[in-house]
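What you see is a predicted model; the values in this text were computed from it and never measured.
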Amino acid sequence: MEMTDKRTITVSVNGTKHTKEVPVRITLADFIRYELGLTGTHLGCEHGVCGACTILLDGRSARSCLMLAVQADGHEVLTVEGIAPGPDALHPLQEAFRDNHGLQCGFCTPGMLTTLLEFLGDNPDPTEQEVRVAISGNLCRCTGYQGIVLAALDAAKRMKAGRA
Amino acid sequence: MKPPPFQYHDPKTLAEAVGLLGTLDNAKLLAGGQSLMPMLNMRFVLPDHVIDLNLVEGMAGIKETDGVLEIGAMTRQRELEFSDLVAAKCPLLHQALMHVGHRQTRNRGTIGGSLCHLDPAAELVTVCMAHDATIAVAGPGGTREIAFADFPAGYLTPAIELNEIVTAIRIPVWPAGHKAAFIEFSRRHGDFAIVSAAALLQIDGGRITRASLTIGGVAVAPVRATEVEQAIVGQAPTSELFAKVCESCRSFEAMADIHASAEYRQHLAVVLARRALEKAADLADNAPWNRAH
């Protein structure tokens, strides 16, 4: 069997279009990290349990370790690098994480941020319980989740104020 | 971890997909990827060909015709979760979806993929058994329908041929006003259940006129508690009645694995059967297992 079945794909990542020839078996996560050099997307378990590799595909959260890069052909990907409005500014969600001890080692943070970005779009005024369910697919070994939950609730307030 | 080498195919029509599946050796169908991709990454499966169904036209959608909810096999779990039609017509499916994985996996995961993976404790499998669903499949010889009771052939094995593709799920809807409850016991939110229970009740004039009770996670496929169903039809719904009749669930043949012994699964079957019936009949107190989450 041909060991290196390849395809040329075009994926928009954080607003920039990338056209690359990739092996068909490469995951979207490895494409983002190794082909594009965007190492903000972290890989923990690589089988869909830890949530660290969560990205937004056409605005919807997805585990990038559970997708092939070829499946993102023609689609838009947002990674943690694309969340902030500019190089010198943070997104209100990121500010809320900084101010509420929402991270310590930072390994789970990219997945937490992308997951919560979609969730707070779906549910702009969540309860604490709803936040806990929303991040139930993202493992954090540092914070005990308390700071992350506080940050998400604080971010909801900041994002609402920003829209007013 | 990397998937093993394979050749990738992305057909645009069902006929093309059926053709590929019928001619390629050692091929795997890729639906939402939330089970197959981990199995590829861990190299539990080593296919020579992966046939991606994500670009096949006409395999997704939800509609109701003559009291039957027809769901395309490639319909994402998220679409079902946010469907007003599903919430109104099939509250059991809506409740069960809240327990299926996480938002990130429901955004990709499909109903057809979950049913074909056929995890014994998968919520959608239990719902299809509870609702007497029908599975529509397409193969080289045409299409056919399989009653869900006949769909599980064994552990993780649906009763379809190697050259057949599940195209749709047909769920007969219960009359408006029927009661539904889906509950489960799992270690963490979003995990597969260790044991789950799905209850459907129709109550007229204070008496149960129709009942469906299904226990998932105990055996290789969900089992209908027909003894309980028969014992409660014609009766007034009470906690005492449910506690008495659900004892029969202890006799279910049960699996043992690292998560739970067979005896513990049988115990959970009894307890969750009663709780599901109580919840469906609005008899439940404000116990943690009955709170919305």
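The neighbour count for A/E76 CD, taken as heavy atoms of other residues, nucleotides or ligands under 6.0 Å away, does not exceed 12. Heavy-atom neighbours of B/Y155 OH from other residues, nucleotides or ligands within 6.0 Å: at or below the threshold of 12. For NZ of B/K12, the number of neighbouring non-hydrogen atoms (other residues, nucleotides, ligands) closer than 6.0 Å is greater than 12. Atom CD of B/E57 sits in a sparse spot, with 12 or fewer heavy atoms from other residues, nucleotides or ligands closer than 6.0 Å. In the displayed structure, B/R188 atom CZ is contacted under 6.0 Å by at most 12 heavy atoms of other residues, nucleotides or ligands. Around atom CG of B/D84, no more than 12 heavy atoms belonging to other residues, nucleotides or ligands sit under 6.0 Å away.
A/R132 does not touch chain B: none of its heavy atoms, backbone or side chain, sits under 4.5 Å away. Contact annotation for B/L55: neither backbone nor side-chain heavy atoms come within less than 4.5 Å of a heavy atom of chain A. With a 4.5 Å cut-off on non-hydrogen atoms, A/L56 does not touch chain B at all. Interface remark: A/S136 contributes backbone and side-chain atoms alike to the contact with chain B (heavy atom separation under 4.5 Å).
Residues passing the ring pair (Phe, Tyr, Trp, His ring centres under 6.0 Å) test with A/F31: none are found, sequence neighbours excluded. Qualifying ring pair (Phe, Tyr, Trp, His ring centres under 6.0 Å) partners for A/H42, counting only residues two or more places apart in sequence or in other chains: A/F107.
In this structure, the side chains of A/V133 and B/H189 come closer than 4.5 Å at one or more pairs of heavy atoms. In this structure, A/L68 and B/L30 have side chains that are in contact, with non-hydrogen atoms separated by less than 4.5 Å. B/H102 is not listed as a side-chain neighbour of A/N138, based on a closest heavy-atom distance of 4.5 Å or more. A heavy-atom distance below 4.5 Å is not found between the side chains of A/T27 and B/K2. A heavy-atom distance below 4.5 Å is found between the side chains of B/F6 and A/V24.
The two residues B/Y8 and A/V70 make their nearest non-hydrogen contact at CZ-CG2, 3.6 Å.
Screening B/Q104, B/R76, B/R78, B/R106 against A/R60 for a side chain to side chain contact (heavy atoms under 4.5 Å, CB included) leaves a single residue, B/R78.
Checked for salt-bridge contact, A/E130 and B/R103 miss the test: no charged N lies under 4.0 Å from a carboxylate O.
Between the side chain of A/R25 and the backbone N or O of B/P3, at least one donor-acceptor pair lies under 3.5 Å. A donor-acceptor pair is defined here as one N or O able to donate and one able to accept, closer than 3.5 Å; no such pair exists between the side chain of A/H47 and the backbone of B/P38.
With hydrogens and angles left out, the side-chain atoms of A/Q71 and B/D10 include no donor and acceptor closer than 3.5 Å.
Contact tally against chain B (heavy-atom pairs below 4.5 Å) for A/P23, A/G48, A/S61, A/A62: the top residue is A/S61. Chosen from A/T115, A/T127, A/D122, A/L43, the residue pairing most often with chain B at heavy-atom distances under 4.5 Å is A/D122.
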